[in-house]
Amino acid sequence: MIYFDYNATAPLHKNVIKKIQNIKFEEFGNPSSIHKIGRNSKKIVEEARRNILSTLKAKNYDLIFTSGATESNNLAIKGFIKKNNIKTIYSLETEHASVIDVVKNLGIEKKFFKTNSNGTVNLKEIEELLSKQTSSFLVSIMFANNESGIIHPITEISKIVKKYNGIIHCDGVQSLGKIEIDLDSLDVDLFSISSHKIGGPTGIGALLINLRNNISPEIIGGGQEKNLRSGTENYLGIVGFSEAINEVKNLTRICNSEIKNNRDLLETNLKKLSNEIKIFGEDTDRLGNTCYFAYPSMTSENQVIALDQKGICVSSGAACSSGKVEPSHVLKAMKVDDKYIHSAIRVSLGWDSTKEQVETFFNVWKLDCFKNGALNVR
Ligand code: PMP
């Protein structure tokens with residue numbers, strides 16, 4: 001099997017498996033219990049919290065464990081708006097569904113920054129819009145796009161938002177383990193992360209909240225997580241997430257060296273095949289592991305199936321839509337021609353991807369998708 005779908009989820013890291021297997025009876029309690037086992041697990045949860053904060057260089061932040069970034073994004077946006085009576089939200093059409101669908105369902109004014117054809121934003125346009133803002137506002141913008149890998153200039157955007165007294169939430173899911181993160185210097189107000197994109201378990205994530213900010217909870221009950229997210233802590237998930245975080249520095253280094261070299265090799269080979277092959281965001285600041293490309297010969301779905309039959313796992317863009325293959329809203333926002341939208345596939349490499357695997361992928365794709373394509377894409 002060749003697994004090239006790391007942006008959807010990453011395999012459990014071997015250290016994480018070992019860590020979870022070695023959890024002791026005396027540590028596995030309810031962190032809210034006052035007995036010894038409860039106190040032991042509470043201590044481990046707090047160590048994990050500190051470990052994640054210090055890895056992300058987040059001295060000025062607190063961290064709330066959630067069930068994943070979908071919940072973190074919901075909590076950040078809805079929880080902040082509720083607590084602070086925010087009147088306007090700005091976002092991007094290319095955001096993950098857990099942001100864009102939340103934004104679209106809010107009962108407040110919504111505005112979207114334009115996305116250029118290369119997937120980036122225009123800082124001048126952002127400044128122009130925000131400078132006219134007279135009431136309180138929140139900006140929600142992702143660090144790196146899950147489909148295209150395109151990286152947004154969060155430091156610059158954060159500065160503009162602050163200049164006009166706004167609040168900024170950043171969906172940092174795809175940046176973790178792929179770009180160096182220094183939250184204190186990014187200075188965003190809210191930052192969402194997820195464990196399963198870096199080799200930790202699914203069902204655990206976090207929202208980092210700048211100490212200057214306050215939010216309201218979305219899930220109410222026993223008052224865990226500083227009253228901001230009730231429910232018994234996902235102890236196994238937290239232990240695994242913390243172990244995965246220990247790998248982040250190493251993963252980021254590999255993503256910007258070996259993995260990027262393999263991705264670049266793939267793109268060089270693809271471009272040699274035909275100048276009809278489009279690589280989205282090619283000339284833009286992008287994650288080193290992501291190659292999102294299209295050749296209008298075969299539908300995305302048929303390519304994914306053809307590759308799957310040869311034991312290669314890739315995705316047709318957004319994998320988070322419950323197995324549905326729908327035209328990518330990201331490419332639509334980038335105003336990509338329909339024939340490319342319908343033939344786009346995303347190859348996302350990870351720490352276990354090898355040069356040989358990339359070469360196998362290329363040869364299989366060339367034979368089964370490029371040459372055998374029915375040229376029937378609209
Ligand atoms: N945001 C982005 C950019 C993502 O890629 C994902 C996962 N596909 C999410 C949010 C949701 O994360 P989770 O699966 O942890 O809910």
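Count residues from 1 along the sequence.
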Residue pair Asn256 / Lys260, side-chain donor-acceptor N/O under 3.5 Å: no
Glu180, CD: over 12 other non-hydrogen atoms inside 6.0 angstrom: no
Closest approach of Pro153 to Leu123 (non-hydrogen atoms, all atoms of both residues): CG-CD2, 4.0 Å
Side-chain (Thr9) to main-chain (His196) donor-acceptor, under 3.5 angstrom: yes
Ring geometry between His13 and Trp351 (parallel below 30°, tilted from 30 to 60°, perpendicular above 60°): tilted
Neighbour count >12 (heavy atoms, 6.0 Å) for atom NZ, Lys43: no
Which atom of Leu270 lies closest to which atom of Cys291, heavy atoms considered: CD1-SG, 4.1 Å
Residue pair His152 / Thr120, side-chain donor-acceptor N/O under 3.5 Å: no
Summary of salt bridge (Lys or Arg N to Asp or Glu O under 4.0 Å) pairs that have at least one residue in residues 150-162, sequence neighbours excluded: Lys162-Asp189
Distance (rounded to the nearest 0.5 Å) between Phe143 CZ and Leu287 CG: 9.5 Å
Pair Phe370 + Tyr295: ring centers closer than 6.0 Å: yes
Heavy atoms from other residues, nucleotides or ligands near NZ of Lys110 exceed 12 (cutoff 6.0 Å): yes
Distance, nearest 0.5 Å, that separates CD1 of Ile245 from CD1 of Ile193: 5.0 Å
Distance-only polar pair, side chains of Asn60 and Asp184, donor-acceptor under 3.5 Å: yes
Asp182: partners by side chain to side chain donor-acceptor pair (under 3.5 Å), with sequence neighbours left out: Ser185
Glu71 and Thr66 side chains, donor-acceptor separation under 3.5 Å: no
NZ/Lys82: more than 12 non-hydrogen atoms of other groups inside 6.0 Å: yes
Residue pair Gln224, Phe65: steps toward the side chain to side chain contact (heavy atoms under 4.5 Å, CB included) verdict: CA-CA 10 Å; Gln224 290 90 344; Phe65 285 113; over 6 Å; no
Pairs flagged by ring pair (Phe, Tyr, Trp, His ring centres under 6.0 Å) wherever residues 108-139 is involved - sequence neighbours left out: Tyr90-Phe113, Tyr90-Phe137
Short side-chain donor-acceptor distance under 3.5 Å, Ser158 and Asp187: no
Any pair counted as ring pair (Phe, Tyr, Trp, His ring centres under 6.0 Å), so long as it reaches residues 204-253, sequence neighbours left out: Phe28-Tyr235
Non-neighbouring partners of Lys332 that pass salt bridge (Lys or Arg N to Asp or Glu O under 4.0 Å), sequence neighbours left out: none
Pair Ser328, Glu147: side-chain N/O donor-acceptor within cut-off below 3.5 Å: yes
Among Ile151, Asn118, Ile179, the one residue meeting side chain to side chain contact (heavy atoms under 4.5 Å, CB included) with Asp285: Ile151
Listed partners of Ala294 passing side chain to side chain contact (heavy atoms under 4.5 Å, CB included), at least two apart: Phe280, Tyr340, Ser343, Ala344
Ion pair Glu46/Lys42, N-O distance below 4.0 Å: yes
